[in-house]
Amino acid sequence: MTAKISYDDVEVGTELPAQSFPVSRATLVRYAGASGDFNPIHWNEKFAKEVGLPDVIAHGMFTMAEAIRVVTDWTGDPGAVAEYGVRFTKPVIVPNDETGALIEVSAKVAAKLDGEARTVRVDLTATSAGQKVLGMSRAVVRLA
């Protein structure tokens with residue numbers, strides 16, 4: 001696959017379409033099975049509270065993966081992401097109810113890095129329940 005977005009058509013400040021990602025306890029159980037991360041803070045409310053958390057929390061890597069979907073959906077090619085890093089600032093708290101949690105992600109092109117390599121830096125903002133859950137969330141993306 002190749003990115004569908006042309007480097008020449010992108011300017012610094014270009015905003016990517018924002019997205020929201022629902023997270024339920026069932027989502028966390030499925031992710032635990034797929035990732036092999038069965039830490040009880042991600043599925044056992046009693047345990048999570050015993051270790052000082054307000055409730056069950058989403059896996060950090062799950063949160064990170066949901067956030068980058070804004071970029072991969074924009075480019076049309078997951079392989080266009082050359083680098084991606086975040087700092088985990090707050091956990092995504094997932095209550096055991098019909099609603100669960102919502103991860104809201106926005107992103108914009110922060111810099112055009114290399115015209116020859118056709119790369120840009122995209123800065124992402126991810127929040128849940130009004131709290132920023134990822135800090136320094138940045139991706140280097142190779143465009144068409």
Item to check | Nearest non-hydrogen partners of Ala3 and Ala80, listed with the distance | outcome: CB-CB, 4.1 Å

Checklist entry - Does a side-chain heavy-atom distance below 4.5 Å link Arg69 with Val71? => result no

Checklist entry - Ignoring hydrogens and geometry, is there a side-chain-to-backbone donor-acceptor pair from Thr127 to Gly130 under 3.5 Å? => result no

Next on the checklist: I'd like to know if Ile103 and Ile68 are part of one continuous hydrophobic network [Ile/Leu/Val/Met/Phe/Trp/Tyr, side-chain heavy atoms within less than 4.5 Å].
Outcome noted: yes

Checklist entry - Is there a chain of hydrophobic side chains (I, L, V, M, F, W, Y, each step under 4.5 Å between heavy atoms) that links Val51 to Ile57? => result yes

Checklist entry - Which atoms form the tightest heavy-atom contact between Glu104 and Ser20, and what is the distance? => result CG-OG, 3.6 Å

Item to check | His59 (side chain) donor-acceptor with Asp37 (main chain) under 3.5 angstrom | outcome: yes

Item to check | Val140 vs Val120 side-chain heavy atoms within contact, under 4.5 Å | outcome: no

Checklist entry - Do Gln19 and Asp73 have side-chain atoms, one donor and one acceptor, less than 3.5 Å apart? => result yes

Next on the checklist: Please determine whether side-chain contact (heavy atoms from CB on, under 4.5 Å) holds for the pair Leu143 and Thr75, giving the CA-CA distance in whole Å, both sets of side-chain angles, and the decisive distance to 0.1 Å.
Outcome noted: CA-CA 7 Å; Leu143 301 178; Thr75 64; 4.1 Å; yes

Item to check | side chain to side chain contact (heavy atoms under 4.5 Å, CB included) partner of Arg138, the single match among Val122, Val86, Asp123 | outcome: Asp123

Item to check | Atom pair CG (Asp9) and NZ (Lys4), whose distance is rounded to the nearest 0.5 Å | outcome: 15.0 Å

Checklist entry - Does Arg25 reach the main-chain N or O of Val94 with its side chain, forming a donor-acceptor pair under 3.5 Å? => result yes

Checklist entry - Is the closest side-chain heavy-atom distance between Phe38 and Asn44 below 4.5 Å? => result no

Checklist entry - Can you list the steps and then say if Arg118 with Asp8 is a salt bridge (Lys or Arg N to Asp or Glu O under 4.0 Å)? => result CA-CA 8 Å; Arg118 304 181 75 75; Asp8 298 327; 3.3 Å; yes

Item to check | Verify same cluster id: Val105, Tyr84 (apolar side-chain graph, 4.5 Å) | outcome: yes

Next on the checklist: Any heavy-atom pair between the side chains of Val133 and Phe88 that's under 4.5 Å?
Outcome noted: no

Next on the checklist: Please check this pair: side chain of Thr89 against backbone of Lys132, looking for a donor-acceptor N/O pair closer than 3.5 Å.
Outcome noted: yes

Next on the checklist: Test your reading of the model: is there a side-chain donor-acceptor pair from Ser128 to the backbone of Val92, 3.5 Å cut-off?
Outcome noted: no

Next on the checklist: Quick one, Tyr7 and Thr119 - any side-chain contact, counting heavy atoms below 4.5 Å?
Outcome noted: no

Checklist entry - Considering all heavy atoms of both residues, which atom of Leu124 and which atom of Ala67 are nearest to each other, and what is their separation? => result CD2-O, 3.4 Å

Checklist entry - Would Met64 and Leu28 show up in the same hydrophobic cluster when neighbours are defined by side-chain heavy atoms closer than 4.5 Å? => result yes

Next on the checklist: I'd like to check Glu11 versus Val109 (side-chain heavy atoms, cut-off strictly below 4.5 Å). Are they in contact?
Outcome noted: no

Checklist entry - Got a second to check how far Thr2's OG1 is from Arg142's CZ, nearest 0.5 Å? => result 11.0 Å

Checklist outcome for this item: Heavy-atom nearest pair, Pro54 first then Ile93, reads CG-CD1, 3.3 Å

Next on the checklist: Does Asp55 form a side-chain contact (heavy atoms from CB on, under 4.5 Å) with Glu45? I'd like the steps, not just the answer.
Outcome noted: CA-CA 6 Å; Asp55 208 331; Glu45 185 174 332; 3.3 Å; yes

Checklist entry - So which heavy atom on Gly13 is nearest to which on Lys108, and how close? => result O-CB, 4.3 Å

Item to check | Beyond-backbone contact of Leu134 with Arg87, side-chain heavy atoms, under 4.5 angstrom | outcome: no

Checklist entry - Does Val10 offer a backbone N or O that forms a donor-acceptor pair with the side chain of Lys112 under 3.5 Å? => result yes

Checklist entry - Taking the inter-plane angle between the rings of Tyr31 and Phe62 on a 0 to 90° scale, is it parallel (under 30°), tilted (30 to 60°) or perpendicular (over 60°)? => result perpendicular

Checklist entry - Are any of the side-chain heavy atoms of Ile41 and Phe47 separated by less than 4.5 Å? => result yes

Next on the checklist: Quick check: is Phe21 connected to Met61 through a chain of hydrophobic side chains (ILVMFWY, heavy atoms under 4.5 Å apart)?
Outcome noted: yes

